[in-house]
**Q** 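The following block contains the structure, expressed as structure tokens.
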Amino acid sequence: MCGPVSAQIKMASSMSGMFSGQQPSGAHPVGGPGGPGQPGFPGTATRAPGNVTLVDELEASFEACFASLVSQDYVNGTDQEEIRTGVDQCIQKFLDVARQTECFFLQKRLQLSVQKPEQVVKEDVSELRNELQRKELLVQKHLSKLHHWQQVLEDVSVQHRKPSDLPPPGPLAFLEQASASLPPAPLKPN
């Protein structure tokens, strides 16, 4: 009898070409900046059917993860522990291949930084310019908000000052206001 893991592998292998724009399994290119035939690096030269790249492994492990989640055994839930173990193994394999792929590209980045340091400096300068632009836009946004709230604060403070300029209401308020509008009294000559 075929176990869930072997069924998942069969299903994963039958899924090649499932995603649109995907090349058939024998047509993945190999080669790269170091020349054609570098293992594990996509490029322009076609490879032999038995030569598997890191990208192929990553794709296959992803498809195996996906297949393990949609397999009939997973849907029916016959043996939960076996299914969980199979899914965990698929995910662990995918993570391992992803780490290998990341390591590969980090090695290529290191080689590039040794062989062409000016390229790395150009990329750093470009990243710094982009970061500066983002921060400048953020500063402008905050300045506009600051000006808005300063205006609101000024409007509120002007509204609070106007009532305080008026004399306090009281019994003599009317007389004080009336006397302020009268001309000054003439002085008596001595």
Side-chain angles (χ1 to χ4, degrees), residues 8-9 11-71 74 84-159:
Q8 293 164 1
I9 293 171
M11 182 178 275
S13 65
S14 68
M15 289 178 63
S16 67
M18 177 179 166
F19 303 104
S20 64
Q22 183 178 356
Q23 295 177 341
S25 66
H28 288 287
V30 175
Q38 253 184 343
F41 190 75
T44 56
T46 58
R47 65 174 173 80
N51 193 6
V52 178
T53 66
L54 277 175
V55 174
D56 293 335
E57 287 182 37
L58 186 66
E59 182 181 10
S61 63
F62 175 75
E63 288 176 352
C65 287
F66 185 72
S68 68
L69 295 174
V70 297
S71 71
Y74 186 78
R84 182 173 295 135
T85 303
V87 169
D88 287 344
Q89 287 174 351
C90 288
I91 291 172
Q92 189 60 45
K93 168 88 171 142
F94 175 74
L95 291 174
D96 289 342
V97 175
R99 283 186 200 105
Q100 290 174 5
T101 306
E102 180 184 21
C103 183
F104 173 80
F105 284 108
L106 287 173
Q107 287 172 347
K108 290 299 176 186
R109 178 77 176 164
L110 179 62
Q111 286 176 357
L112 179 67
S113 69
V114 169
Q115 294 172 356
K116 295 185 178 184
E118 69 279 357
Q119 181 66 29
V120 175
V121 171
K122 285 179 185 177
E123 290 174 7
D124 289 345
V125 167
S126 175
E127 287 176 16
L128 288 172
R129 281 187 182 140
N130 290 339
E131 185 177 347
L132 249 156
Q133 286 176 341
R134 281 193 312 271
K135 288 184 178 182
E136 185 64 33
L137 289 174
L138 189 62
V139 166
Q140 292 301 322
K141 178 182 167 186
H142 286 302
L143 280 176
S144 116
K145 285 182 179 181
L146 178 66
H147 291 307
H148 169 74
W149 287 111
Q150 282 176 334
Q151 186 62 41
V152 168
L153 184 60
E154 187 177 313
D155 292 346
V156 168
S157 66
V158 166
Q159 288 175 357

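Owing to the predicted nature of the structure, the values given are computational and were not obtained by experimental measurement.
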**Q** Go through the steps for Thr85 and Asp88 under the test side chain to side chain donor-acceptor pair (under 3.5 Å), then give the verdict.
**A** CA-CA 5 Å; Thr85 303; Asp88 287 344; 5.8 Å; no

**Q** Report the residues that fulfil side-chain hydrogen bond (donor to acceptor under 3.5 Å, both in side chains) with Glu154, sequence neighbours left out, ordered by chain and then residue number.
**A** none

**Q** Using the side chain to side chain contact (heavy atoms under 4.5 Å, CB included) criterion, which residues pair with Arg129? Sequence neighbours excluded.
**A** Val125

**Q** Under the rule for salt bridge (charged side-chain N to carboxylate O under 4.0 Å, His left out), what residues qualify as partners of Glu136, not counting sequence neighbours?
**A**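 For Glu136 there are no salt bridge (charged side-chain N to carboxylate O under 4.0 Å, His left out) partners, ignoring immediate neighbours.
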
**Q** Could I get the full list of side-chain hydrogen bond (donor to acceptor under 3.5 Å, both in side chains) partners for Arg109, not counting sequence neighbours?
**A**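 With sequence neighbours excluded, Arg109 shows a side-chain hydrogen bond (donor to acceptor under 3.5 Å, both in side chains) to Glu123, given in chain and number order.
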
**Q** Restricting to side chain to side chain contact (heavy atoms under 4.5 Å, CB included), what partner residues turn up for Ser113, sequence neighbours left out?
**A**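 So Ser113 forms a side chain to side chain contact (heavy atoms under 4.5 Å, CB included) with Leu110, Val120.
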
**Q** To the nearest 0.5 Å, tell me how far Leu58 CG sits from Glu63 CD.
**A**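 If we round to the nearest 0.5 Å, Leu58:CG and Glu63:CD are 10.0 Å apart.
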
**Q** Work out which heavy atom in Ala64 is nearest to a heavy atom in Cys90; give both atom names and the distance.
**A** O-SG, 3.9 Å

**Q** Donor-acceptor pair, Ser126 side chain versus Lys122 backbone, under 3.5 Å?
**A**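 Not confirmed, Ser126 side chain does not pair with Lys122 backbone.
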
**Q** Please report the interatomic distance NZ(Lys135) to CD(Glu131), rounded to the nearest 0.5 Å.
**A** 4.0 Å

**Q** Tell me every residue that passes side-chain hydrogen bond (donor to acceptor under 3.5 Å, both in side chains) with Glu118, counting only those two or more places apart in sequence or in another chain.
**A**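 Glu118 satisfies side-chain hydrogen bond (donor to acceptor under 3.5 Å, both in side chains) with no other residue.
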
**Q** Could you list the residues that satisfy salt bridge (charged side-chain N to carboxylate O under 4.0 Å, His left out) with Lys141, not counting sequence neighbours?
**A** none

**Q** Test of understanding: with side chain to side chain contact (heavy atoms under 4.5 Å, CB included), list the residues that count as partners of Leu146, not counting sequence neighbours.
**A**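 So Leu146 forms a side chain to side chain contact (heavy atoms under 4.5 Å, CB included) with Leu143, Gln150.
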
**Q** Which atom pairs, one a donor and one an acceptor, fall under 3.5 Å between side chains of residues 94-106 and the rest of the protein, sequence neighbours left out?
**A**
residue	atom	partner	partner atom	Å
Asp96	OD1	Gln92	NE2	3.2
Asp96	OD1	Arg99	NH1	3.0
Thr101	OG1	Val97	O	2.8

**Q** My understanding is that only residues two or more places apart in sequence, or in another chain, count here; which of them pass side-chain hydrogen bond (donor to acceptor under 3.5 Å, both in side chains) with Asp155?
**A** Gln151

